[in-house]
Amino acid sequence: GGEAAAPPAAEEQQEEDDFGYRLFPDRNKKPQSFLVRSLFTFHNRCQLMLRMTLDTNPYAQLLLEAMKQSGCTVFNDRHFSCENCDGCVSGGFDSATSQIVLCQNNIRHQSHMNRVVTHELIHAFDHCRAHVDWFNNVKHLACSEIRAANLSGDCTLMNEIARFKFGLKGHHQACVRDRAIRSILAVRKVSKEMAEKAVDEVFDTCFNDLEPFGRIPHSKTDAKRAYRDFQNRDRYNANL
């Protein structure tokens, strides 16, 4: 009886290799259940990392608090969605549903999740406190992208490396400008010139709008301090 079972196993092996399953060390013999399981794992991992960010990251905590103050309470299950995305996009803010999309197939590390959630929460905060015309006014989008790049820590890593090469301030601004332009080009069909023009026209105003942080948080320590200040500011306001 044992010999009869051999050929199907060999075929299975062949088919498996054709599908590239040998690239996955944790593979399962049945392709469907492997795919289902891997998607489920992506989704689970995304949910766990999101929970970790919301519970422990001072950037995210400050933004959540600030949104609540502005009358836009964020609910994890309603306002965050872990999904598979195309290309190398990490996340996005869907203004129509006020949902933050997290690209579960592209976010692989906790520190990356922290940055993406913070970046998108800044868009959500802007959406909440100002009537941002995301689709028809490229300057509105440019302003929020400048603020997101400036305040989310997107440029911090670069700063650490660049501190030796350039004046820190000049480099941070160049990084913010560059990231804002790239973000606009990723989400809108506009020319590079148009994106650059929009960013440059609103740069000074939006770069200096540090709400709700009150400072550029170059590190987690800065973010913690900003969060503490924000909480104290509320207590002070509540006593007035």
Side-chain angles (χ1 to χ4, degrees), residues 59-60 62-72 74 79-81 85-103 106 115-159 162 166-218 222-223 226 230:
Y59 291 85
L62 192 157
L63 284 156
L64 292 171
E65 185 96 7
M67 285 186 69
K68 200 191 269 175
Q69 295 282 327
S70 304
C72 302
V74 174
H79 292 109
F80 290 97
S81 177
C85 308
D86 293 338
C88 51
V89 192
S90 305
F93 175 65
D94 178 357
S95 55
T97 57
S98 295
Q99 249 193 352
I100 286 172
V101 177
L102 300 167
C103 298
N106 292 332
R115 278 203 315 280
V116 173
V117 169
T118 301
H119 183 109
E120 301 307 335
L121 274 174
I122 291 167
H123 290 322
F125 174 76
D126 286 351
H127 185 69
C128 172
R129 71 173 180 150
H131 296 290
V132 183
D133 186 349
W134 297 103
F135 293 99
N136 302 314
N137 191 330
V138 74
K139 280 196 210 170
H140 283 196
L141 174 64
C143 188
S144 194
E145 291 296 358
I146 290 163
R147 282 175 32 74
N150 190 23
L151 300 172
S152 67
D154 280 352
C155 287
T156 309
L157 212 67
M158 308 278 285
N159 281 337
F166 314 96
L168 178 61
K169 200 166 183 213
H171 181 77
H172 180 76
Q173 288 185 336
C175 170
V176 168
R177 178 180 181 271
D178 181 51
R179 290 192 77 105
I181 291 165
R182 277 190 307 183
S183 291
I184 293 170
L185 293 174
V187 295
R188 289 287 170 280
K189 295 221 179 320
V190 295
S191 66
K192 189 157 193 268
E193 291 72 34
M194 197 172 165
E196 284 172 350
K197 187 169 177 281
V199 166
D200 291 339
E201 280 177 14
V202 298
F203 191 85
D204 289 345
T205 314
C206 302
F207 183 82
N208 291 312
D209 175 4
L210 305 178
E211 280 300 306
F213 289 88
R215 59 165 64 103
I216 297 174
H218 286 293
D222 285 349
F230 186 84

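Between the Ser70 side chain and the Cys72 main chain, no donor and acceptor come within less than 3.5 Å of each other. Of the possible polar contacts, one joining the Asn106 side chain to the Val89 backbone as a donor-acceptor pair under 3.5 Å is found.
Atom CD of Glu145 sits about 9.0 Å away from atom CZ of Arg188, to the nearest 0.5 Å. In this structure, OG on Ser152 lies 9.5 Å from CG on Leu63, to the nearest 0.5 angstrom.
The shortest side-chain heavy-atom distance between Phe80 and Val74 falls under the 4.5 Å cut-off. In this structure, Cys155 and His172 have side chains that are in contact, with non-hydrogen atoms separated by less than 4.5 Å. You'll find the side chain of Leu210 reaches within 4.5 Å of the side chain of Asn150, heavy atoms only.
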Do any side-chain atoms of residues 202-209 form donor-acceptor pairs under 3.5 angstrom with protein atoms, and if so which ones, sequence neighbours left out?
| unit_1 | atom_1 | unit_2 | atom_2 | d |
| --- | --- | --- | --- | --- |
| Asn208 | ND2 | Asp204 | O | 2.8 |
| Asp209 | OD1 | Glu211 | N | 3.3 |
| Asp209 | OD2 | Arg129 | NH2 | 2.6 |

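A side chain to side chain contact (heavy atoms under 4.5 Å, CB included) with Leu121 holds for exactly one of Leu62, Ile100, Val116; it is Ile100.
Closest non-hydrogen pair, Phe125 versus Pro212, comes out as CE2-CD, 3.8 Å. For the residue pair Gln99 and Ser81, the shortest heavy atom distance occurs at OE1-CB, 3.9 Å. Counting all heavy atoms, side chain and backbone alike, Phe230 lies closest to Ala66 at CZ-CA, 3.5 Å.
The side-chain contact (heavy atoms from CB on, under 4.5 Å) test applied to Val187 returns Leu141, not counting sequence neighbours. Listed by chain and number, the residues in a side-chain contact (heavy atoms from CB on, under 4.5 Å) with Asp178 are Arg182 (sequence neighbours excluded). Scanning for side-chain contact (heavy atoms from CB on, under 4.5 Å) contacts around Ser95 gives Phe93, His127, Trp134, Phe135, with sequence neighbours left out. Under the rule for a side chain to side chain donor-acceptor pair (under 3.5 Å), the partners of Asp94 that lie at least two apart in sequence or sit in another chain are Thr97. For Ala195, the side-chain contact (heavy atoms from CB on, under 4.5 Å) partners at least two apart in sequence or on another chain are Ile181, Ile184, Leu185, Val190. Among residues two or more places apart in sequence or in another chain, the side chain to side chain donor-acceptor pair (under 3.5 Å) test is passed with Lys192 by Glu196. For His140, the side chain to side chain donor-acceptor pair (under 3.5 Å) partners two or more places apart in sequence, or in a different chain, are Asn137. Scanning for side chain to side chain donor-acceptor pair (under 3.5 Å) contacts around Ser144 gives His123, Asp126, with sequence neighbours left out. Lys197 is linked by a salt bridge (Lys or Arg N to Asp or Glu O under 4.0 Å) to Glu201, counting only residues two or more places apart in sequence or in another chain.
Under a 4.0 Å N-O distance rule, the pair Arg177/Asp200 qualifies as a salt bridge.
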